[in-house]
2 protein chains.
Amino acid sequence: MTRLFEVTAEAEADGGLLSDRIRNALTDEIASGALAAGSALEEQQLADRFGASRTPVREALRQLVVSGLVEVRGRRGVVVARMTPERIMDMFETSAEAEAMCVRLATYRMTPLERSHLIELHEASRAMVEASNVDAYDAFNREFHECIYRATHNSFLAEQAQAVRSRLSGFRRTQLRQGDRIRRSREEHEAIMQAIAEGDGDTAARRMRAHMLNAATALRRYIDDRFGGAGSRGEAEDSAPDGV
Amino acid sequence: MTRLFEVTAEAEADGGLLSDRIRNALTDEIASGALAAGSALEEQQLADRFGASRTPVREALRQLVVSGLVEVRGRRGVVVARMTPERIMDMFETSAEAEAMCVRLATYRMTPLERSHLIELHEASRAMVEASNVDAYDAFNREFHECIYRATHNSFLAEQAQAVRSRLSGFRRTQLRQGDRIRRSREEHEAIMQAIAEGDGDTAARRMRAHMLNAATALRRYIDDRFGGAGSRGEAEDSAPDGV
DNA sequence: ATGTCAATTTGTGTATGCAAAATACTGGTA
DNA sequence: TACCAGTATTTTGCATACACAAATTGACAT
């Protein structure tokens, strides 16, 4: 049951391409932290690890560069992008704003059908909370937000928001597991649903932003607990004013 | 002097990598419309065109796939992503929302140094408008918005917003050239600057959104004028007031 | 002893070759 | 004439080989 790379629905489209498999594997390892930030990724070494040649490894790395998960270091190969706590928080904030934006547009544009589907999803999540079924709730959560994306009737925005969200999926699951975050999450969903029902997009957006930032705060607590305060990395680079 | 690939200013940063040159060239051709949406991109054909082998072409294409400019069609190669007018408008709306988000955060977070730099930039743009120097204003515009991105002090958000913006750069230039759009653009900047000066992030965001949507509307006029009105699609939802 | 220059080494960037897959074409049959 | 099967061609995907650039190390000179 524990397949190495649990392929979900959209993985059907990859056609079994080796470069895609490598890309997905590296994505997972980076997201899960198995590959430490800043560590070098040598092509030949990765090729050996995956039993492939350098070519698909190279293609996978190039894709990861565009995705932002790894960084090119001049001509000295690529390194895992530094996902400092600050950067993770930046991403969560971006995701929060994006979701808020989506739910605002969705509130004004969603069809009755979409609204009823969203309500249906939300209702179904109650049982998951009471069963403390994190996996089920995580899956629901994804569908819930994707439903909102679609309801924006802006496919590009939906794709962008989902891309950011997927890059944070690893962290989101960890933060969902702690304390009563699931119950709180659903309560926040409830408030958002109410604003949507009232057609108040701005309120829905504000609540969605708070909802996402709460998740981020829960994650930060988790990170601080787990990695202590003064980690080896993460205070230098991104928030530099890089003066004008 | 007539090098095969006339590299412009930003090409200095590519380090002379063939795959990057090809990627940039293809990006330009796709953005400019020289490569029609939906047209197939055969690797060998592109390799011949660029006087290279298939390898760098492949890498360029893979990067473009992640960028969203081209789409993979199973195992039948890649095609230029369909940039229908609707999708362009979706992207403009997304960009507008992203910029609004950025300017709101920037208003609350920018340092005095960043604020003064922004003011300085804005002042300098007056001369460009009076000279009707589209190229200079386009360059200024880019710097203006990038300055706002940085002022969010959220590097990830800045990168995302800039990525979306860069994908629209080709269209932005075309719409800048028509009518008195430049003058209007600067007036809208003026209003945004005022809101920033007053520390009113929400107003700045609203004005920024309107500013970007005005640009989108100008572009739509341009598209409708150029490609005729009765296009296959594109009358449904884009200019909807979407509340607020 | 230290700094500089050169050579080696390591690793990326590019080219070419080969195999598999998909499409198109052709021939045959109903 | 229409449809199906088989083959051939085209094109992608992967592997391997080669070239070039940068870093490191060692030697030599100051």
Side-chain angles (χ1 to χ4, degrees), chain A residues 4-5 7 10-27 30 35-36 38-82, chain B residues 3-5 7 10-27 29-30 35-81:
Chain A
L4 196 52
F5 309 119
V7 287
E10 68 272 18
E12 244 79 26
D14 65 10
L17 263 66
L18 191 49
S19 60
D20 282 353
R21 286 224 313 272
I22 295 174
R23 176 174 54 79
N24 288 331
L26 290 178
T27 298
I30 292 172
L35 279 172
S39 60
L41 296 175
E42 291 182 18
E43 294 177 356
Q44 187 58 55
Q45 166 188 330
L46 289 174
D48 295 342
R49 253 192 57 199
F50 288 103
S53 78
R54 277 181 53 215
T55 305
V57 172
R58 262 187 81 80
E59 294 189 4
L61 288 178
R62 292 311 175 192
Q63 294 181 28
L64 293 178
V65 168
V66 180
S67 293
L69 274 77
V70 303
E71 299 167 348
V72 289
R73 218 178 13 164
R75 209 177 174 113
R76 268 185 312 183
V78 304
V79 297
V80 178
R82 275 178 265 283
Chain B
R3 264 181 294 179
L4 193 54
F5 311 117
V7 286
E10 67 272 19
E12 244 79 24
D14 64 9
L17 264 66
L18 192 49
S19 59
D20 283 354
R21 286 224 312 272
I22 295 173
R23 176 174 53 78
N24 288 331
L26 289 178
T27 299
E29 294 184 15
I30 293 173
L35 279 172
S39 60
L41 296 175
E42 290 181 20
E43 296 177 357
Q44 186 59 54
Q45 165 189 331
L46 289 173
D48 295 343
R49 252 193 57 198
F50 289 104
S53 78
R54 278 179 51 218
T55 305
V57 172
R58 261 185 83 79
E59 293 192 4
L61 288 178
R62 291 314 179 193
Q63 295 181 42
L64 293 179
V65 168
V66 180
S67 294
L69 274 77
V70 303
E71 299 167 347
V72 289
R73 224 177 7 163
R75 211 179 172 114
R76 278 176 302 182
V78 303
V79 296
V80 178

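Keep in mind the model is a prediction, meaning the values are calculated, not measured.
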Name each donor-acceptor pair under 3.5 Å that joins a side chain in residues 60-74 of chain B to protein atoms two or more places apart or in another chain, with its distance.
unit_1: B:Gln63; atom_1: OE1; unit_2: B:Arg23; atom_2: NE; d: 2.7
unit_1: B:Ser67; atom_1: OG; unit_2: B:Gln63; atom_2: O; d: 3.1
unit_1: B:Arg73; atom_1: NH2; unit_2: B:Arg76; atom_2: O; d: 3.3

Which distance, rounded to the nearest 0.5 Å, do you find between the [atom1] of [X] and the [atom2] of [Y]?
X	Y	atom1	atom2	value
A:Asp48	A:Ser53	CG	OG	10.5 Å
B:Ser39	B:Glu29	OG	CD	10.0 Å
B:Ile22	B:Arg49	CD1	CZ	9.5 Å
B:Asp20	B:Glu59	CG	CD	9.0 Å

Check your understanding: Could you write nucleotides 12-19 of chain D as a row of B, S and -, 5' to 3', where a protein heavy atom under 4.0 Å of any base atom gives B, of only sugar-phosphate atoms gives S, and otherwise -?
Key -> BBSBBB--
Review point. Hey, where on DNA chain C does chain B first and last touch, going 5' to 3'? Cut-off is any atom under 4.0 Å from a heavy atom.
Key: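 Using the under 4.0 Å cut-off, the span is C:dG13 to C:dT23.
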Review point. Who are the side-chain contact (heavy atoms from CB on, under 4.5 Å) partners of A:Gln45, not counting sequence neighbours?
Key: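 Per chain and number, A:Gln45 pairs via side-chain contact (heavy atoms from CB on, under 4.5 Å) with A:Glu42.
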Check your understanding: Looking only at heavy atoms, which two atoms of A:Leu18 and A:Pro56 are closest? And how far apart?
Key ->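 Minimum heavy-atom contact is CD2-CG, 4.1 Å.
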